[in-house]
Amino acid sequence: MSFTIQDMLALSSLEDALLIGGKNGLYKKITNIMVMEAPDVEKWLTPGQVLLSSFYSLQHETPINLEKFIAKLVHYKTSCLIIKKDRFIEEIPEGIIEACERYDLPLIQIPGNTPYSTIISEVMQILFNEKVKLLDYYHEIHHKFTRIALEQPTLSDIVCVLEELIHCPVSLLDYNKTCIFSTQERYAELNVVSSIPIIKKSYMNYSYNRQSVSTAADPQQISTQLIVEIPNIGNDFHYLAISEADKKLHKFDFMAIENAVSFFQMELIKKFAISEVQQNFRNDIIDDLLANKFSSKEDMYEAAEVLKLYPNKKYRIVVIQFVQPSEKSFNDVKESTIDKQQNKRFIKLCQQYWLDFVYRIRSNRIILIMNADHQTDEEFKQSFQKDFLLILKKMESKPYIYRIGISHETTIDDFQTQALHSLKIIQHAGRFKTTSFIMNYEDLGFYRVLSEITDASKLKELLPYKLLLLYKKEPELVETLRAYLDCNKNLTKSAEMLFVHPKTMRYRINKIVDFCDINLDDPEELLSYNIGLRVLPTMISQNEHDDL
């Protein structure tokens, strides 16, 4: 579709022209043509220009300066140099011809009786016609996409329209580059052999890669595929993939692709805005159900029905929290804020494994209301864990520690109690477990008793008095004692856990023994301090520091 030097030589105005140098540059594209009679070309040259000249201003230049002049034209991406042989220049200098040959800059000689105006007129007419074609084509594709917009299209409808315009198979991919929809089934699953970015051209607003791919049916047959990211706000991005198995894409095709990407953006943003409004409405209902904020059961059941939750069915409430591994320490029980995009991807993957669940994403945790399926607590936990680990494998994210609490089977009437139990699991177990866990309420054991004590003075009674004093005076020694006892009184292991030297660990333990007057060989004393070390974080989380 582009107008090249080779095409220009076929014009009637250049029937007497001679190509005398730079024949390897005939493929170069033409964007403009103009007359040059001054050597300061850098002030007005643009890429793709054809220069017409009598060489009058350069006729007395030295060979070195003429060489530099040609190099300057090449630097500014001039497509061709046409020199008129007349009274100013009878013979084109050999140095000019050699330089044009070396730089692959086409050098054309025309007779003195050839008018500039005829050449310029013919070249500009072709360039003008090409721009008109581009404009007409742009109008056509814009009209098609505008028309389909009025019909409330699906994303697959847009993909099909693009295929009609460019006559190449098109696929829509998700953020994992997994095919969502393809106009041709054989391009739905491809193996990517290699991928390189495409240098951006003037008609490209988006970033493209060209991939070498093979199909599952024929791994040896390699073809190319263009892939472009569809940017989006507040939601997962997508990709468009266009197969070049049958033809290479040209700039007219890119015009259609660019319009399709822009149209996809608008549709995805619109869908995201609608889904956000709907989810916010659902979130309000979920919050009210979990907090039991209804004045009557009838109101509660009516609200639950909007979420397709019914009073005669059994459910389980699952609370999930992702935290950074570095955030877990004895004194740090602060919950972390989770990545919004990651959580949305997690929910999308959950929808592939579990049907008809309701979800609520908070700033620091995810709440799922799931069908109970009449399983025991342990059976449900095992089934959930199996699917959850498969989901984690599919997620592209940095490693997190996960904390998961699962409620008993429950009905809508008891959502508040069971949601609180699930939350207590991740709060209390998170204080003593440094690794990921999935737990039922019964799995808390002794910590379940702690979670049910809301009176701080009762918790205080479970603490050895000397441990309270140690916490007030040197709280870092409490963590030292905790690590030492958790490692079965092994100095080396506990020192590694706290990233200190074993000698430092020994010094600290001796200091603790002296301060607390504790006998580390007495099982009863060790039990008392072990209990106290587990009770203390609960008191800290209740903001009772001033009363210790």
Side-chain angles (χ1 to χ4, degrees), residues 1-136 201-203 251:
M1 302 294 289
S2 297
F3 184 45
T4 66
I5 306 302
Q6 183 78 59
D7 301 325
M8 183 182 70
L9 284 171
L11 298 176
S12 59
S13 60
L14 292 172
E15 60 183 356
D16 296 324
L18 293 175
L19 177 69
I20 61 174
K23 59 183 177 298
N24 290 332
L26 291 177
Y27 65 90
K28 292 181 178 178
K29 297 172 185 176
I30 300 171
T31 61
N32 200 359
I33 184 169
M34 65 183 303
V35 177
M36 178 211 75
E37 295 300 357
D40 56 341
V41 290
E42 65 274 7
K43 293 180 180 179
W44 39 264
L45 268 183
T46 56
Q49 280 190 327
V50 172
L51 299 182
L52 287 160
S53 178
S54 67
F55 232 62
Y56 173 74
S57 61
L58 296 167
Q59 59 182 317
H60 301 301
E61 289 289 345
T62 64
I64 293 176
N65 286 341
L66 290 177
E67 161 95 22
K68 288 180 179 178
F69 176 75
I70 297 300
K72 189 189 297 183
L73 296 186
V74 173
H75 174 74
Y76 287 101
K77 299 183 179 178
T78 300
S79 289
C80 176
L81 177 60
I82 301 176
I83 298 177
K84 180 181 283 193
K85 186 178 176 183
D86 59 9
R87 60 192 177 90
F88 295 119
I89 181 168
E90 294 182 0
E91 292 296 332
I92 297 175
E94 196 63 34
I96 291 288
I97 299 172
E98 290 176 0
C100 288
E101 192 70 28
R102 183 162 58 253
Y103 289 114
D104 292 336
L105 176 66
L107 177 62
I108 298 171
Q109 176 184 294
I110 58 173
N113 61 354
T114 304
Y116 286 162
S117 58
T118 307
I119 300 172
I120 292 172
S121 176
E122 280 197 282
V123 170
M124 291 306 296
Q125 184 62 51
I126 291 172
L127 293 176
F128 179 75
N129 289 343
E130 189 172 341
K131 289 185 185 298
V132 169
K133 285 180 185 176
L134 283 170
L135 190 61
D136 287 344
K201 303 290 180 64
S202 58
Y203 48 82
K251 67 180 176 183

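None of these values were measured; they are calculated from a predicted model.
Across Thr4 and Tyr27, no two heavy atoms sit closer than the pair CG2-O, 3.4 Å. Of all heavy-atom pairs spanning Cys80 and Leu105, the tightest one is N-CD1, 3.9 Å. Of all non-hydrogen atoms in Gly48 and Ser79, the two that sit nearest each other are CA-OG, 3.1 Å. Ile92 and Leu107 make their closest contact through CG2-CD2, 4.2 Å (heavy atoms, listed as atom of the first residue, atom of the second, distance).
Lys28 places a side-chain N or O within 3.5 Å of a backbone atom of Asp104 that can act as its donor or acceptor partner. In this structure a side-chain-to-backbone donor-acceptor pair under 3.5 Å is missing from Gln109 to Leu18. At least one donor-acceptor pair under 3.5 Å links the side chain of Thr31 to the backbone N or O of Pro47.
A distance of 3.5 Å separates CD of Glu122 from OG of Ser13, quoted to the nearest 0.5 Å. For the atom pair CD1 of Ile33 and OH of Tyr116, the computed distance is 10.5 Å after rounding to the nearest 0.5 Å.
Figure legend: cation-pi geometry between Lys29 and Phe3 absent, as NZ or CZ is not positioned both under 6.0 Å from the six-membered ring centre and within 45° of its axis.
Only one option out of Ile119, Leu9, Leu52, Val50 pairs with Ile108 in a side-chain contact (heavy atoms from CB on, under 4.5 Å); it is Leu9.
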Run the salt bridge (charged side-chain N to carboxylate O under 4.0 Å, His left out) test on Glu67 and Lys72 for me, step by step, so that the C-alpha distance in whole Å, both residues' side-chain angles and the decisive distance to 0.1 Å come before the verdict. CA-CA 9 Å; Glu67 161 95 22; Lys72 189 189 297 183; over 6 Å; no
